[in-house]
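Step one of this worksheet: look at the structure below.
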Amino acid sequence: MRELNSVEEKILDRTLYLIGKMGSLNVPIRAIAKEAGVNVASINYYFRSKEELINKTKEFYIENVESTIKPLQDETLSDYEKLHGFCENVMDYCIRFPGITILSKEARIAEDPDSLFLEIIRVTDEMNEQLRSVLLRAYTLRSSEVEVPMTILYASIVHPLERILAEDKKDHFLLDDQKRKAYIDVVLKMIGDLPKHL
């Protein structure tokens, strides 16, 4: 994706936010303009069409997912640190973009997915595969045992924030960085304490 100026990035940021908030790619341009604090003409100037705006938003999403999984790829970190860093990134991303699962869902249900939807599927699958690999090592699991911990991990780091933000709870403890890190520690310990026969 080409280098963006601050106005373009803010428009993309707010578009992705509204996609999550509304649960759909069908976000009105006027709503995006209002959320980004720009006029409709600015959106037309930078993106020429709604289709181009949505495509750039998909690219922006892909870049954000790729940055989210960097801790899982960092060989200088222990497996625990990899998991913790990944969880922190995902939770930060959920706060910034409620409903981050929307683009992934839309990509998977598209009847004729475009190249960007196919790339979204690819990076999401890569993220899941890397997470699966680190979980297997971190908790000395067999392949048949990893789905429950993986499901619990995602449910613990994505769902609460989507609910908190949907309900506009501005004072929830998970919105505080330090408390969120402590929460991640609890989640990772809980996963380690799961019986392996699940």
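To the nearest 0.5 Å, the span separating CD on Glu106 from CG on Asn26 amounts to 9.5 Å. Separating the OG1 atom in Thr124 from the NZ atom in Lys105 is a distance of 14.0 Å, to the nearest 0.5 Å. From Leu131, atom CG reaches atom CD of Glu129 across 9.5 Å, with rounding to the nearest 0.5 Å. Taking CD from Gln130 and CZ from Phe86, the interatomic distance works out to 9.5 Å, rounded to the nearest 0.5 Å. Summarising the geometry, atom CD1 belonging to Ile62 is positioned 5.0 Å from atom CG belonging to Leu116; distances are rounded to the nearest 0.5 Å. Taking CG of Leu174 as the reference point, atom OG of Ser156 lies at 10.0 Å (rounded to 0.5 Å).
Cation-pi geometry between Lys56 and Phe47 is not met: the NZ or CZ atom fails to fall both under 6.0 Å from the ring centre and inside 45° of the normal.
Hydrophobic cluster membership differs between Val123 and Leu118, with clusters built from Ile, Leu, Val, Met, Phe, Trp and Tyr side chains linked at under 4.5 angstrom. When the side chains of ILVMFWY residues are joined at heavy-atom separations under 4.5 Å, either directly or via intervening members, Leu77 and Tyr139 end up in two distinct hydrophobic clusters. The hydrophobic cluster containing Ile121 does not contain Val158, counting ILVMFWY residues as joined when their side-chain heavy atoms lie under 4.5 angstrom apart, directly or transitively.
Contact between Pro113 and Ala110 at its shortest, heavy atoms only, is CD-O, 3.6 Å. For the pair Ile120 and Ser104, the tightest heavy-atom approach, listed with the atom from each and the gap, is CG2-CA, 3.9 Å. Across Ala33 and Asn39, no two heavy atoms sit closer than the pair CB-C, 4.0 Å. For the residue pair Thr140 and Glu145, the shortest heavy atom distance occurs at O-OE1, 4.5 Å.
Scored by the side-chain hydrogen bond (donor to acceptor under 3.5 Å, both in side chains) test, Glu35 finds Arg14 as partners (sequence neighbours excluded). Listed by chain and number, the residues in a side-chain hydrogen bond (donor to acceptor under 3.5 Å, both in side chains) with Glu75 are Lys82 (sequence neighbours excluded). Not counting sequence neighbours, the partners of Lys70 by the side-chain contact (heavy atoms from CB on, under 4.5 Å) test are Gln73. Scored by the side-chain contact (heavy atoms from CB on, under 4.5 Å) test, Arg30 finds Val40 as partners (sequence neighbours excluded). Residues satisfying the ring-ring contact (aromatic ring centres under 6.0 Å, His included) criterion with Tyr80, sequence neighbours excluded, are His84. Looking at residues two or more places apart in sequence or on another chain, you find a side-chain hydrogen bond (donor to acceptor under 3.5 Å, both in side chains) between Tyr154 and Asn128. Among residues two or more places apart in sequence or in another chain, the side-chain hydrogen bond (donor to acceptor under 3.5 Å, both in side chains) test is passed with Ser24 by none. Here Ala155 pairs with nothing under the side-chain contact (heavy atoms from CB on, under 4.5 Å) rule; sequence neighbours left out. Listed by chain and residue number, Asp176, Lys181 satisfy the side-chain contact (heavy atoms from CB on, under 4.5 Å) test with Gln178 (two or more places apart in sequence, or in another chain). Residues meeting the salt bridge (Lys or Arg N to Asp or Glu O under 4.0 Å) test with Arg108, sequence neighbours left out: Asp125. In this view, Asp185 satisfies the salt bridge (Lys or Arg N to Asp or Glu O under 4.0 Å) rule with no residue, not counting sequence neighbours. Taking Glu81 as the reference, nothing meets the salt bridge (Lys or Arg N to Asp or Glu O under 4.0 Å) condition, with sequence neighbours excluded.
Using a 4.5 Å heavy-atom cutoff, the side chains of Asp114 and Asn55 are in contact. At least one side-chain heavy atom of Leu25 sits under 4.5 Å from a side-chain heavy atom of Leu103. Within the 4.5 Å cutoff, side-chain heavy atoms of Leu16 are placed close to those of Tyr93. Residues Tyr183 and Pro160 are in side-chain contact: their nearest non-hydrogen atoms beyond the backbone lie under 4.5 Å apart. Side-chain contact between Ile157 and Cys94: absent, with no pair of heavy atoms (C-beta onward) separated by less than 4.5 Å. The closest side-chain heavy-atom distance from Lys58 to Ser115 is not below 4.5 Å. Side-chain contact between Ile29 and Leu53 is present, with at least one heavy-atom pair separated by less than 4.5 Å. At least one side-chain heavy atom of Leu141 sits less than 4.5 Å from a side-chain heavy atom of Pro149.
A distance-only check finds no donor-acceptor pair linking the side chain of Glu9 to the backbone of Ser6 [under 3.5 Å]. Judged by distance alone, the side chain of Asn64 and the main-chain N or O of Phe60 form a donor-acceptor pair under 3.5 Å.
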Check: Does the pair Ile32 and Val38 meet the rule for a side-chain contact (heavy atoms from CB on, under 4.5 Å), with working shown?
Finding: CA-CA 8 Å; Ile32 296 166; Val38 300; over 6 Å; no

Next item on the list: May I have the step-by-step check of side-chain contact (heavy atoms from CB on, under 4.5 Å) for Tyr17 and Arg96, ending in yes or no?
Entry: CA-CA 7 Å; Tyr17 168 81; Arg96 191 169 170 196; over 6 Å; no

Notebook entry, point to check: Thr151 and Val148: side-chain contact (heavy atoms from CB on, under 4.5 Å), yes or no, with the steps?
Noted result: CA-CA 5 Å; Thr151 301; Val148 170; 5.8 Å; no

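Atom OH of Tyr45 is surrounded by 12 or fewer heavy atoms from other residues, nucleotides or ligands within 6.0 Å.
In summary, Arg132 and Glu147 engage in a salt bridge, as defined by a charged side-chain N under 4.0 Å from a carboxylate O. In summary, Arg180 and Asp177 engage in a salt bridge, as defined by a charged side-chain N under 4.0 Å from a carboxylate O. In summary, Arg122 and Glu126 engage in a salt bridge, as defined by a charged side-chain N under 4.0 Å from a carboxylate O.
Among the candidates Leu83, Asp79, Leu72, Leu188, the single residue satisfying the side-chain contact (heavy atoms from CB on, under 4.5 Å) test with Leu135 is Leu83.
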